[in-house]
Amino acid sequence: MLGTRFVLESPKQACECGGNFRRDGYGGDRRLVEIFGQELRWPESGYGAQLNLRVYVYDVDEIEGLRELVSGRDHSIASSTCMKGQWGTQVKIHKLLMKSRYRTLSKSQADFFFVPAYVKCVRIFGGLNESEVKEHFLKILKQMPYFHRSGGRDHIFVFPSGAGAHLVKDWPIFLNRSIFLTPEGDRTDKKGFSSFSTWKDIIIPGNVDTKNHIAKVAPLVLSQRKYVANYLGRAQGKKGRLQLIELAKRFPNELDAPELAFQGPAKLELIDYYKRLGNARFCLAPRGESSWTLRFYEAFFVECVPVILSDEVELPYQNVLDYSEFSIKWPSSRINEELLAYLRSIPEYEIERMLGRGRTVRCLFTYAPDSEGCTAMIGILWELQRKVRAFHQFHHSFWLHNSSLINRGLVKFRDWTPPFPVP
């Protein structure tokens with residue numbers, strides 16, 4: 001029987017851990033995932049046999065200036081507002097880490113430090129402008145001794161949109177060593193260079209609200225679906241999207257791709273959007289402002305086969321998921337009748353096979369507590385564990401024969417006091 005399961009061992013709770021803490025003796029999640037009738041694992045080489053990392057989450061009132069990065073200059077933007085929509089990962093990951101068994105209350109025992117900053121949200125809702133965002137980032141970094149210890153290599157920030165870290169002006173100067181959690185891995189963005197780095201950053205799934213509208217839509221059996229494929233989104237002047245809209249005019253009985261708008265009669269309400277999305281065998285996911293698209297992840301929950309039409313897209317968990325088993329990636333240079341002919345030629349039993357495999361992996365695209373086993377958080381935590389460092393080194397830090405960490409003034413780390421220099 002197809003299914004997905006994680007074997008859990010000795011769940012950990014947020015705690016102050018004593019100095020005798022031993023990573024290999026402190027229980028964690030064993031990496032055992034059964035997908036497609038076989039056991040798949042995050043590779044033990046580089047990851048370890050068990051999930052045993054510890055994350056310190058900064059309190060928004062712990063550091064002066066941090067609260068403004070989550071609620072704006074006058075603290076008027078609610079976290080519930082920032083949790084909505086495709087960029088809600090900036091809040092969900094924060095909230096889930098606060099309740100995680102892998103959270104620690106001890107900075108000295110932490111492998112990583114999570115910095116809550118809802119930059120996309122506070123920018124959209126006018127809570128901070130570009131200059132204020134940079135000002136507050138510099139302000140908080142000057143107060144963080146652990147950031148200064150490693151140059152930020154063990155500090156985590158969420159950038160949930162295609163803009164990535166570009167939302168923070170001059171980020172390459174002072175955040176270039178930190179870990180970014182982002183759904184965007186494009187290297188051809190409009191800034192001329194990407195803020196995503198394969199050696200330090202982690203691709204995360206987009207935010208699909210699986211508990212409200214999409215949960216109310218029952219998948220149609222394939223024989224009842226009206227269309228071969230669909231694209232339900234605004235064109236925004238993007239070539240691939242415009243090509244699909246024009247193709248639908250030529251093949252209206254096979255491709256559902258209307259000219260939608262952000263508001264007015266040409267706008268689809270969410271419940272209608274999901275019902276219509278599930279009325280095709282294949283859901284097309286072309287590039288938008290950037291390479292990643294939420295439609296790819298939505299497809300798994302309305303149960304249509306996602307077809308990626310974005311050449312530069314990066315996908316999460318590639319060490320354990322073979323995306324060719326449950327999705328299709330087609331060249332964006334060939335968005336024409338050839339694409340429709342190919343999709344039309346795929347036998348129904350093959351589509352059913354891909355949909356079944358998609359059902360087994362979609363738990364890894366769901367933002368839920370890590371205690372539930374197969375969740376996006378478990379996947380993110382495994383990817384973070386690969387980046388755990390036994391040693392912290394930066395050009396402002398030095399060390400002595402007795403393992404004492406010191407600064408240029410020969411002051412031991414425990415006595416370091418702010419403000420700290422920011423590059």
Side-chain angles (χ1 to χ4, degrees), residues 55 57-58 69-70 82-97 112-124 130 133-134 137 152-209 285 287-298 308 310-321 323 364-367 375-387:
V55 182
V57 181
Y58 284 103
L69 287 173
V70 301
C82 297
M83 194 181 294
K84 298 176 183 177
Q86 61 181 315
W87 303 309
T89 50
Q90 58 195 335
V91 182
K92 286 188 175 180
I93 292 175
H94 177 205
K95 300 296 185 185
L96 290 168
L97 282 176
F112 297 104
F113 298 81
F114 181 84
V115 185
Y118 309 160
V119 180
K120 181 66 176 180
C121 183
V122 298
R123 286 286 303 274
I124 286 178
E130 183 180 55
V133 167
K134 176 183 176 180
F137 262 91
R153 288 180 174 91
D154 51 6
H155 280 58
I156 303 166
F157 299 86
V158 178
F159 293 108
S161 72
H166 291 300
L167 289 167
V168 183
K169 186 179 180 181
D170 295 331
W171 70 266
I173 299 174
F174 50 86
L175 288 182
N176 60 322
R177 296 173 179 84
S178 296
I179 298 169
F180 300 157
L181 306 184
T182 176
E184 181 57 73
D186 185 9
R187 288 163 173 73
T188 60
D189 61 26
K190 56 189 177 183
K191 292 287 185 179
F193 66 100
S194 175
S195 63
F196 176 77
S197 169
T198 54
W199 74 267
K200 69 179 184 66
D201 300 329
I202 295 172
I203 293 292
I204 61 173
N207 178 48
V208 179
D209 186 354
R287 179 188 175 96
E289 286 291 340
S290 59
S291 64
W292 90 280
T293 168
L294 191 65
R295 288 173 187 81
F296 173 79
Y297 300 103
E298 290 173 329
I308 302 168
S310 178
D311 299 354
E312 293 86 11
V313 71
E314 291 279 349
L315 301 170
Y317 320 132
Q318 292 183 42
N319 283 325
V320 291
L321 296 183
Y323 283 87
L364 285 171
F365 305 144
T366 303
Y367 284 92
T375 69
M377 288 305 299
I378 281 291
I380 291 169
L381 289 167
W382 272 114
E383 292 301 318
L384 280 171
Q385 179 152 296
R386 189 182 188 186
K387 301 177 184 298

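Every heavy atom of this structure was used, including side-chain atoms; hydrogens, water molecules and symmetry mates were not.
Closest of all the heavy-atom pairs between Ser178 and Gly152 is OG-O, 2.9 Å. Considering every non-hydrogen atom in both Gly164 and Ser195, the closest pair reads CA-OG, 3.6 Å. Of all non-hydrogen atoms in Lys387 and Trp199, the two that sit nearest each other are NZ-O, 3.3 Å. The minimum heavy-atom distance between Leu364 and Pro205, with the atom names listed, is O-CG, 3.6 Å.
Of the possible polar contacts, none joining the Ser291 side chain to the Ser310 backbone as a donor-acceptor pair under 3.5 Å is found. The backbone N or O of Asn207 lies less than 3.5 Å from no partner atom in the side chain of Thr89, so there is not a single donor-acceptor pair. Side chain of Asp209 to main chain of Gly85: no donor-acceptor pair is present (N/O by atom type, distance under 3.5 Å, no hydrogens or angles).
Here the side chains of Pro316 and Ile204 are not in contact, with every heavy-atom distance at 4.5 Å or above. Side-chain contact check for Ile203 versus Gln318: every heavy-atom pair is 4.5 Å or farther apart. Between Tyr297 and Gln86, the closest side-chain pair of non-hydrogen atoms is not below 4.5 Å. Proximity of Val133 to Leu167: side-chain heavy atoms (C-beta onward) are nowhere separated by under 4.5 Å. Two residues are said to be in side-chain contact when any heavy atoms from C-beta on lie closer than 4.5 Å; His94 and Val57 meet this criterion. Between Arg123 and Glu130 the shortest side-chain heavy-atom distance falls below 4.5 Å. Ile308 is listed as a side-chain neighbour of Leu315, based on a closest heavy-atom distance under 4.5 Å. In this structure, the side chains of Ile380 and Tyr317 come closer than 4.5 Å at one or more pairs of heavy atoms.
With rounding to the nearest 0.5 Å, the separation of CZ in Phe159 from CG in Asp201 is 9.5 Å. If you take SG on Cys121 and NZ on Lys84, they are separated by 10.0 Å, rounding to the nearest 0.5 Å. Rounded to the nearest 0.5 Å, atoms CD (Glu312) and OG (Ser290) are 10.5 Å apart. The distance from the CD atom of Glu314 to the OG1 atom of Thr182 is 10.5 Å, given to the nearest 0.5 Å.
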Before you tell me yes or no, could you show the steps for Val208 and Phe365 under side-chain contact (heavy atoms from CB on, under 4.5 Å), namely the whole-Å CA-CA distance, both residues' side-chain angles and the distance that decides it to 0.1 Å? CA-CA 8 Å; Val208 179; Phe365 305 144; over 6 Å; no

Mind running side-chain contact (heavy atoms from CB on, under 4.5 Å) on Trp87 and Ile124 for me, showing each step along the way? CA-CA 11 Å; Trp87 303 309; Ile124 286 178; 3.1 Å; yes

Give the intermediate values and the outcome of side-chain contact (heavy atoms from CB on, under 4.5 Å) for residues Thr293 and Arg287. CA-CA 7 Å; Thr293 168; Arg287 179 188 175 96; over 6 Å; no

Start with the C-alpha distance between Thr375 and Thr366, add both sets of side-chain angles, then the distance that settles side-chain contact (heavy atoms from CB on, under 4.5 Å), and finish with yes or no. CA-CA 5 Å; Thr375 69; Thr366 303; 5.7 Å; no

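Taking the six-membered ring for Trp and the full ring otherwise, the centers of Phe196 and Trp292 sit at least 6.0 Å from each other.
Checking Phe112, Phe114, Phe113 one by one against His155, the ring-ring contact (aromatic ring centres under 6.0 Å, His included) holds for a single residue, Phe113.
A donor and an acceptor atom, one from each side chain of Ser161 and Glu184, are nowhere located under 3.5 Å apart.
A cation-pi arrangement, defined by a distance under 6.0 Å to the six-membered ring centre and an angle within 45 degrees of its axis, is present between Lys200 and Phe180.
Partners of Asp170 according to the salt bridge (charged side-chain N to carboxylate O under 4.0 Å, His left out) rule, which considers only residues two or more places apart in sequence or in another chain, are Lys134.
Using cut-offs of 30° and 60° on the angle between ring planes, the pair Phe174 and Phe137 is tilted. Between Phe296 and Tyr323, the ring planes are tilted. Angles from 30° to 60° get that label.
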